[in-house]
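Below: one structure, written as structure tokens.
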Amino acid sequence: EAQVTQNPRYLITVTGKKLTVTCSQNMNHEYMSWYRQDPGLGLRQIYYSMNVEVTDKGDVPEGYKVSRKEKRNFPLILESPSPNQTSLYFCASSSRVGANVLTFGAGSRLTVL
Amino acid sequence: GIQVEQSPPDLILQEGANSTLRCNFSDSVNNLQWFHQNPWGQLINLFYIPSGTKQNGRLSATTVATERYSLLYISSSQTTDSGVYFCAVEGISGDYKLSFGAGTTVTVRA
């Protein structure tokens with residue numbers, strides 16, 4: 001089944017404790033992206049990647065890092081999480097051939113205390 | 001960046017009713033998508049519709065790119081249509097960056 005898999009789905013952590021949210025897709029998509037969803041704000045893009053070893057900042061990159069060492073994986077790293085990073089996070093991917101139709105992961109709900 | 005405005009912010013429907021959701025955007029686009037987020041949080045692509053009209057069952061969408069808006073129609077609504085509907089657009093710069101609106105929350109009552 002074609003899908004985007006995120007882990008963990010739920011996480012409660014404390015301020016300053018580094019964490020990584022993994023994202024993997026099995027569709028051989030070139031494009032991958034991370035979004036955060038907050039009430040009333042829709043989805044805001046954190047980082048995106050057009051292909052392996054190519055990453056760019058989105059609208060809200062502060063406090064986050066990403067890497068794209070393999071085509072299928074695009075982890076989101078919070079080096080020193082803060083309470084304002086409490087949010088619902090989505091990973092998405094798409095092919096660069098034709099329409100950029102996004103396939104989303106199931107989401108990761110992160111709480112930083 | 002492109003500004004995306006969706007209206008109305010909230011919509012309450014009786015089962016069987018029809019409704020129209022609107023998405024306005026501030027610049028020319030080469031990509032426009034509608035998504036449905038169900039009550040469990042899952043995001044599903046409904047339409048890729050940078051221009052023209054498409055239909056999928058009880059849902060249809062129309063984008064008038066020259067006037068910078070898109071409409072999503074829900075006919076004969078069902079309780080399973082409840083959730084948040086998002087419009088997302090990509091500008092003509094070709095950077096594959098989709099900007100999302102704040103969404104329309106639809107509640108369909110039995």
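This structure is a prediction, so every number in the text was calculated from the model and none was measured. Just so we're on the same page: letters track the sequence lines, and every chain starts at 1.
Using a 4.5 Å cut-off between heavy atoms, B:Gln6 makes no contact with chain A at all. Residue B:Ile44 does not touch chain A at all, counting heavy-atom pairs closer than 4.5 Å. Heavy atoms of A:Asp56 lying under 4.5 Å from chain B are absent altogether.
Cluster annotation: B:Leu46 and B:Leu32 are assigned to the same hydrophobic cluster (Ile/Leu/Val/Met/Phe/Trp/Tyr, side-chain heavy-atom contacts under 4.5 Å, transitive). A:Tyr89 is not connected to A:Tyr48 by any chain of hydrophobic side-chain contacts under 4.5 Å among Ile, Leu, Val, Met, Phe, Trp and Tyr, and they are in different clusters. Residues B:Phe86 and A:Leu88 share a single hydrophobic cluster, defined by chaining ILVMFWY side chains whose heavy atoms lie under 4.5 Å apart. A continuous path of hydrophobic side-chain contacts links A:Trp34 to A:Val60 [ILVMFWY only; heavy atoms under 4.5 Å].
No side-chain heavy atom of B:Asn31 sits less than 4.5 Å from a side-chain heavy atom of A:Val101. Contact check for A:Phe104 versus B:Gln37: no side-chain heavy atoms found under the 4.5 Å cut-off.
Most heavy-atom pairs under 4.5 Å with chain A: of the set B:Asn45, B:Val84, B:Val4, B:Thr105, this distinction falls to B:Asn45.
The two residues B:Ala102 and A:Gly40 make their nearest non-hydrogen contact at CB-O, 3.6 Å. B:Phe100 and A:Leu43 get closest at one heavy-atom pair: CB-O, 3.5 Å. Between B:Phe35 and A:Leu102, the shortest heavy-atom distance links the atoms CE2-O, 3.9 Å.
The distance from the CD atom of A:Gln45 to the OG atom of B:Ser99 is 7.5 Å, given to the nearest 0.5 Å. To the nearest 0.5 Å, the span separating CG on B:Leu98 from OG on A:Ser94 amounts to 7.5 Å.
In B:Glu5, the CD atom is not crowded: 12 or fewer heavy atoms of neighbouring residues, nucleotides or ligands sit closer than 6.0 Å. A 6.0 Å sphere centred on CZ of B:Arg58 holds more than 12 heavy atoms belonging to other residues, nucleotides or ligands. More than 12 heavy atoms of other residues, nucleotides or ligands shown are found within 6.0 angstrom of CG on A:Leu113. Within a 6.0 Å radius of CZ in A:Arg109, other residues, nucleotides and ligands contribute 12 heavy atoms or fewer.
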